[in-house]
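Here is the structure we will look at.
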Amino acid sequence: MTEVATTAAAAPTATALTDKELSPEDERVLIRDIALTAEANTKEGDFFFLITQKWWQNWIDYVNQDQHPNNNNNNSDGSSSLAGNSDSNGSGISKRPSGIDNSDLVSDGPVEDANSEDNVEIHDTLLEGRDYVLLPQQVWNQLYSWYGGGPALSRKVINSGLSQTEFAVEVYPLRLQLLVTPKGDRSTIRISKKENIGELHRRACEIFHLNLEQVCIWDYYGHQKHALMNDMDKTLADANIQMDQDILVEVLNNVNDSALSGGTSCPDNGFPDKEATSALLEPSKSGLSIAGGLSANKIASRGYSAEQSQNQTLGYPSKESDNNLASSGVITRGTFGGLTGLLNLGNTCFMNSAIQCLVHTPEFARYFREDYHQEINWQNPLGMVGELALAFGELLRKLWAPGRTPVAPRPFKAKLARFAPQFSGYNQHDSQELLAFLLDGLHEDLNRVKHKPYINSRDADGRPDEEVADEYWANHIARNDSIIVDVCQGQYKSTLVCPVCNKVSVTFDPFMYLSLPLQFTTTRSMTITIFACDGSALPSTCTVTVPKQGRCRDLIQAVSSACSLKQTEEIKLVEACAIRNHLIHRFLDDSFISLSSIKDDDHLAAYKIQKSAKSNVLIQLIHRRQEQETSDAQRWKPFGTPLVSSLSCDDAIRSGDIQTIVQTMLIPLLKEGIEHSDDSDPNTSEMATDPSDHGSGEVDNNCASTSTSKVLPKLPLQLIDEGKTCIDLSAGDEKAIDVSAASPIVVYLDWSSKLLEKYNINYLENLPEVFKYGPITKKARTEPLSLYSCLEAFLREEPLVPEDMWYCPQCKEQRQASKKLDLWRLPEVLVIHLKRFSYSRSMKHKVETFVNFPIHDFDLTNYVADKRSSRSQLYELYALTNHYGSMGSGHYTAHIKLLDENRWYNFDDSHISPINEEDVKSAAAYVLFYRRAKSDTSGSGVAGSRRARDRTSYKH
């Protein structure tokens, strides 16, 4: 960081202005342009600078004061804007800020890494958006040249994310404790997690004045030698080095001594006895590492990072230790335990909320406070060698211990990061994803099955569901048997049906939690334009309600009911994308096509025709009109929506038959008051309005244009036969037409200007969208969504997505089968995840819908497919996690009911406060924890009796 610090130091120490002082607007525009350019070109190794949020907000108010008052707004996410919107109220004139003052970011304590080129330490508890903003180096340089001040706090850009393609600013580099053996010296250093082990060797030798040949370095996590760090090109992140952990620098007595022996003059922990004791007792400082992501289009401070909930003020101690009381919220009096908070280590609210819910699950609280060590599976290759279970058990005991001193979950956090690198660092994560990992990891660490047998599950083959379900569950228990299975695992029935051969596949699978979709409705509205081929009515739009995950058969059925379809009629459905160049290329004949493939901005047409018979043939009427191509040339080009009818091929088809059918279809479009005679238009003929025997239906006598006294114009029709020959159908009525029922008849109607005057063709040109978005009604905004509705949507039959096709063993091909889930066996503790977050390639979205979930008497009796059970299917809510704010910049809390007190509490990291039961429900509810009502709570009887029952058969 020398280069950056030098650049900053070269700037004037007082406010420096150009000869002509810039206006606030000039400053705003210049900084905005510099910021956008800098962030668009950000690359690894660039520097960003921290500036105190207070000074930044003052500058934002200053440069935005000239904006129109109507433009000011308070950004709900806490960000400040360079786009011209001010956070000030516009009532006064903001003064030009004085010099940059970052002193409130700088720690008052001694510099931990005296050997660092950047000798300024910042507070451990800073949060982006609340305490500071990050600005590219070019922006800092410009602001510094105008205002001066300091100190300069530069941080490097690193690659982050699983793909290592995202950029983040490493605000808090790793803080490592270097311990030298056998000398006993120690030193604290700051080093980027992207530096390699070779750089760590160099820094250690420089600090302790050693030669590279003299030392070997160990990963000394937990004061145990885990790995010899001798791969000099490996990064510290890849080596899984954690914040505030120890690194053992071992000095060899002889350069040729083997480092793998751990040294000859040290005990097993690598330290002389006295030094080892003092090192182990020394409390480590909180390492709050925030690697904030960059925004390509926003330089202003982002929202209150991840730990600022709405209408809350959180206490952040400047220094923490494991015994730090800090400002820990309320201290609740009483004799009951379980009211101990968890300190926030920096964006760890997601972890704290999930842990508190698990810790306050009565079955887990009882289990982990007893001697569970005998059930640890030390050899399970799928587990964490018991370390996760031990760390969780230790943390649970601390939280249930007497007293109210908040606990710093650093050991658990470090263990979590070691076995689940996706949760390492101090970025915000999904609380539910962590919960899923914890439940699965604890299960594997505590699996009572030491040697899992290989079991090949048989297909149902028509056997009773009860027999198949018990067999699947027995097979599952034979391989998976733990307290997690006893308490949290249930079973559901999965039914797949092949849409081609109707092959049915039934399996029974275990589940740890239910992820329910948040759909305000499980249906969707679709608007279709209906065309009657019998001339009985004008084209009309019809809006129907169909299942969101339905198929074309559902839409056809809904349209048939809406338009009062006769038994002799059927619907032909066409999607606008299939009407290319005003020609129909395909019909939606496959009743299994998923409606999700029809988008809201598509256009649909439905044609009422006579039911198809083997001898019937479809007629497609294509409209054409003249368009000027050059100054002296015109061309007939298709336009509008084609019309469809049918006629029988049993008798010979004449040109007059087709003429009559087309005239019949167009009768509703004939303008009122239009009467014709043979001499008024060469293209008119006196024809009966009743359709011939080849017609497709009867004409509605109420239709305004169906008066038998009127003479319909003879239409200029041309037919294209199978040989691509053009046949003029207006030349005579008796000309025989050779057609085949295998392919439709395509007829072109050329609309002359005179003919256009006689018909209203607006109905043919503009089809409405399937769904037109409009303003959300007040009712739609406030109507609560029931948890039962979410469960029904989860259990509803729906087609598999194309990316998840099913291999049909009967067809021996991949099929888009329909899938139906049913609850079969419910656990003692039912965990329900409300799917508030959705992800796509281009965006992330959070659903803020309020879900009305029951606190008492959550009755699932009607949703359990196995009717043999006599056990109560009523559940009581006892805990839930909440997520406030937007994705990536929100805050997690937990609401938990202490069953001994029968009282609800809000767990907000280290802050705990009582709440009323009616305040438990909110739109922030994310993961719900339900417990079976009136279940046996006597010791381990629940788990033990359940295991005994499930190992044999499911009898009641």
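The structure displayed is predicted, hence computed values, not measured ones. Sequence positions, counted from 1, serve as the residue numbers for this chain.
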Report yes if some heavy atom in the side chain of [X] is under 4.5 Å from a heavy atom in the side chain of [Y]; otherwise report no.
X: Met232; Y: His201; result: yes
X: Leu134; Y: Ile51; result: no
X: Met351; Y: Phe412; result: yes
X: Leu50; Y: Tyr132; result: yes
X: Asp908; Y: His891; result: yes
X: Tyr926; Y: Arg836; result: yes
X: Val139; Y: Phe48; result: no
X: Leu105; Y: Leu153; result: yes

Residues Glu25, Arg28; criterion salt bridge (Lys or Arg N to Asp or Glu O under 4.0 Å); working and verdict: CA-CA 5 Å; Glu25 174 65 11; Arg28 183 186 69 81; 2.7 Å; yes
For residues [X] and [Y], report the shortest heavy-atom separation together with the two atoms involved.
X: Ser192; Y: Glu170; value: OG-OE1, 2.6 Å
X: Asn906; Y: Ala894; value: OD1-O, 3.4 Å
X: Gly341; Y: Ile912; value: N-CD1, 3.4 Å
X: Phe350; Y: Asp430; value: CD1-O, 4.3 Å
X: Gln428; Y: Cys349; value: NE2-SG, 3.5 Å
X: Met229; Y: Ile197; value: O-CG2, 3.5 Å

Mark yes or no: Arg96 above the aromatic ring of Tyr147, with NZ or CZ under 6.0 Å from the six-membered ring centre and no more than 45 degrees from the axis. yes
Examine distances only and state if a side-chain atom of [X] and a backbone atom of [Y] form a donor-acceptor pair shorter than 3.5 Å.
X: Thr42; Y: Ala38; value: yes
X: Asp26; Y: Leu22; value: no
X: Tyr884; Y: Ala924; value: no
X: Lys234; Y: Gly198; value: no
X: Asn41; Y: Thr37; value: yes
X: Asp909; Y: His911; value: no

Here's a test for you: under ring-ring contact (aromatic ring centres under 6.0 Å, His included), which of Trp146, Phe49, Phe47 qualifies with Trp140?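 Testing each of Trp146, Phe49, Phe47 against Trp140, the sole residue satisfying ring-ring contact (aromatic ring centres under 6.0 Å, His included) is Phe49.
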Nearest-0.5 Å distance that lies between atom [atom1] in [X] and atom [atom2] in [Y]:
X: Gln356; Y: Leu399; atom1: CD; atom2: CG; result: 5.5 Å
X: Leu179; Y: Arg186; atom1: CG; atom2: CZ; result: 5.5 Å
X: Gln177; Y: Ser187; atom1: CD; atom2: OG; result: 8.5 Å
X: Glu433; Y: Leu438; atom1: CD; atom2: CG; result: 12.0 Å
X: Ile896; Y: Leu880; atom1: CD1; atom2: CG; result: 8.5 Å
X: Asp46; Y: Gln137; atom1: CG; atom2: CD; result: 8.0 Å

Salt bridge check, Arg202 against Glu195: does any charged N sit closer than 4.0 Å to a carboxylate O?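 The answer is no: the pair does not qualify as a salt bridge.
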Among Thr188, Ile189, Asp246, which residue meets the side chain to side chain contact (heavy atoms under 4.5 Å, CB included) test with Leu176? Ile189
Quiz question: by atom type and distance under 3.5 Å, do the side chains of [X] and [Y] form a donor-acceptor pair?
X: His123; Y: Asp104; result: no
X: Gln57; Y: Asp61; result: yes
X: Asn882; Y: Thr893; result: yes

Let's go through Leu434 and Leu416 carefully: what are the C-alpha distance in whole Å and the side-chain angles of both, what is the deciding distance for side-chain contact (heavy atoms from CB on, under 4.5 Å) to 0.1 Å, and is it a yes or a no? CA-CA 10 Å; Leu434 171 70; Leu416 180 68; 3.5 Å; yes
Please state whether the rings of Tyr892 and His883 are parallel, tilted or perpendicular, taking 30° and 60° as the class boundaries.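 It falls in the perpendicular class, over 60°.
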